[in-house]
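Notes follow the structure.
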Amino acid sequence: MDVTFFTRAHDVLLEAEVSPSKIDHFENNYTSATGVTPSHDQHYQRQDNKWGTECRIYFNCENDLNDEFADLDIEVESNERGYRGDRVYRVNNVEFFWALVNAGYRLGVN
């Protein structure tokens, strides 16, 4: 997945909530992609009430990225009051999350 358009985003924050049954898979993939084992904190959480993995990308952007996200068939949510404090946009998409990780983004603030 080509995510080069996303370099126009700023204040990027990546988060993951993972069910206990998916923790090993998630951590192995993350460590393989980054060389770093993720630590459980506010941006990476084990969630006993989840059945899978939820990945969220929060960000701000001065330019409209709607066409680029539409081309990827990814929905972008917006909240003028802000997500996670001051980020206007949110994407809930596991594939996009992994594409960003493979492009150099990491859990937490980027």
Side-chain angles (χ1 to χ4, degrees):
M1 176 182 300
D2 183 7
V3 296
T4 54
F5 73 91
F6 197 69
T7 59
R8 296 183 301 203
H10 56 90
D11 303 320
V12 177
L13 171 67
L14 271 59
E15 290 187 341
E17 293 180 352
V18 183
S19 72
S21 66
K22 303 290 184 184
I23 288 280
D24 288 342
H25 181 72
F26 180 89
E27 290 183 0
N28 288 337
N29 286 347
Y30 191 86
T31 302
S32 292
T34 67
V36 176
T37 301
S39 59
H40 295 267
D41 63 13
Q42 64 184 357
H43 304 299
Y44 172 50
Q45 299 177 7
R46 171 189 168 134
Q47 293 290 330
D48 292 336
N49 63 341
K50 300 284 182 202
W51 57 267
T53 301
E54 289 186 25
C55 296
R56 295 184 197 91
I57 301 97
Y58 302 92
F59 64 97
N60 288 318
C61 190
E62 305 306 319
N63 302 315
D64 181 352
L65 299 177
N66 289 335
D67 290 341
E68 290 85 347
F69 278 111
D71 288 345
L72 297 173
D73 199 28
I74 294 175
E75 180 181 342
V76 179
E77 300 173 22
S78 65
N79 181 343
E80 292 302 320
R81 293 184 304 158
Y83 294 105
R84 292 292 185 226
D86 62 350
R87 291 164 179 90
V88 175
Y89 302 103
R90 177 174 75 182
V91 169
N92 298 314
N93 187 286
V94 174
E95 291 81 16
F96 190 69
F97 172 90
W98 286 114
L100 290 177
V101 169
N102 289 321
Y105 291 82
R106 300 295 179 255
L107 283 165
V109 178
N110 289 264

Query raised in the report: With a 4.5 Å heavy-atom cut-off, do Phe59 and Val91 have their side chains touching?
Result: yes
Donor-acceptor list for residues 29-36 side chains, cut-off 3.5 Å, not counting sequence neighbours:
unit_1: Asn29; atom_1: ND2; unit_2: His25; atom_2: NE2; d: 3.1
unit_1: Tyr30; atom_1: OH; unit_2: Leu107; atom_2: N; d: 3.0
unit_1: Thr31; atom_1: OG1; unit_2: Glu27; atom_2: O; d: 2.8
unit_1: Thr31; atom_1: OG1; unit_2: Val36; atom_2: O; d: 3.4
unit_1: Ser32; atom_1: OG; unit_2: Asn28; atom_2: O; d: 2.9
unit_1: Thr34; atom_1: OG1; unit_2: Tyr30; atom_2: O; d: 2.8
unit_1: Thr34; atom_1: OG1; unit_2: Val36; atom_2: N; d: 3.0
unit_1: Thr34; atom_1: OG1; unit_2: Val36; atom_2: O; d: 3.1

Query raised in the report: Which heavy-atom pair separates Ala103 from Val3 by the least distance, and what is that distance?
Result: CB-CG2, 3.8 Å
Requested in this report: May I ask you to check whether over 12 heavy atoms, not counting those of Asp73, lie within 6.0 Å of atom CG?
Outcome: no
Query raised in the report: Can you check whether Lys22's main-chain N or O pairs, donor with acceptor, with Asp24's side chain at less than 3.5 Å?
Result: no
Report task. Verify the cluster assignment for Tyr58 and Tyr89: are they in a single hydrophobic cluster under the rule of side-chain heavy atoms below 4.5 Å apart? Result -> no
**Report entry** Pairs meeting criterion salt bridge (Lys or Arg N to Asp or Glu O under 4.0 Å) with involvement of residues 57-67, two or more places apart
**Finding:** none
Query raised in the report: Roughly how far, to the nearest 0.5 Å, is the CE atom of Met1 from the CG atom of Leu100?
Result: 8.5 Å
Query raised in the report: Under 6.0 Å between the ring centres of Phe69 and Phe5?
Result: yes
Requested in this report: Under the salt bridge (charged side-chain N to carboxylate O under 4.0 Å, His left out) rule, collect the residues that match up with Asp48, sequence neighbours excluded.
Outcome: Arg46
Query raised in the report: Of the non-hydrogen atoms in Glu15 and Gln42, which two are nearest, and what is the gap between them?
Result: OE2-O, 3.9 Å
Query - Minimum heavy-atom distance Val18-Ile23, with the two atoms named - result: CG1-N, 3.7 Å
Query - Results of side chain to side chain contact (heavy atoms under 4.5 Å, CB included) for Asp11 - residues two or more places apart only - result: Asn60, Arg87
Requested in this report: Locate the shortest heavy-atom distance separating Pro38 from Phe26; write the atom from each residue and the value.
Outcome: CG-CE2, 4.4 Å
Query raised in the report: Cluster question for you: counting only ILVMFWY and a side-chain heavy-atom cut-off of under 4.5 Å, with indirect links fine, are Leu14 and Val109 together?
Result: no
Query raised in the report: Given side chains that start at C-beta, do those of Asn79 and Glu77 come closer than 4.5 Å, heavy atoms only?
Result: no
Query raised in the report: So if you build clusters from Ile, Leu, Val, Met, Phe, Trp, Tyr with side-chain heavy-atom gaps below 4.5 Å, do Val101 and Tyr44 land together?
Result: yes
Query raised in the report: Who are the salt bridge (charged side-chain N to carboxylate O under 4.0 Å, His left out) partners of Glu54, not counting sequence neighbours?
Result: Lys50, Arg56
Requested in this report: Could you pull out the closest heavy-atom pair between Asn93 and Ile57, with the gap in Å?
Outcome: O-CD1, 4.0 Å
**Report entry** Side-chain heavy-atom pair Val12, Phe6 within 4.5 angstrom cut-off
**Finding:** yes
Query raised in the report: If you round to the nearest 0.5 Å, how far is CD of Glu75 from CG of Asn92?
Result: 8.0 Å
**Report entry** Pairs involving residues 97-108, ordered by first then second residue, that meet salt bridge (Lys or Arg N to Asp or Glu O under 4.0 Å) (sequence neighbours left out)
**Finding:** none
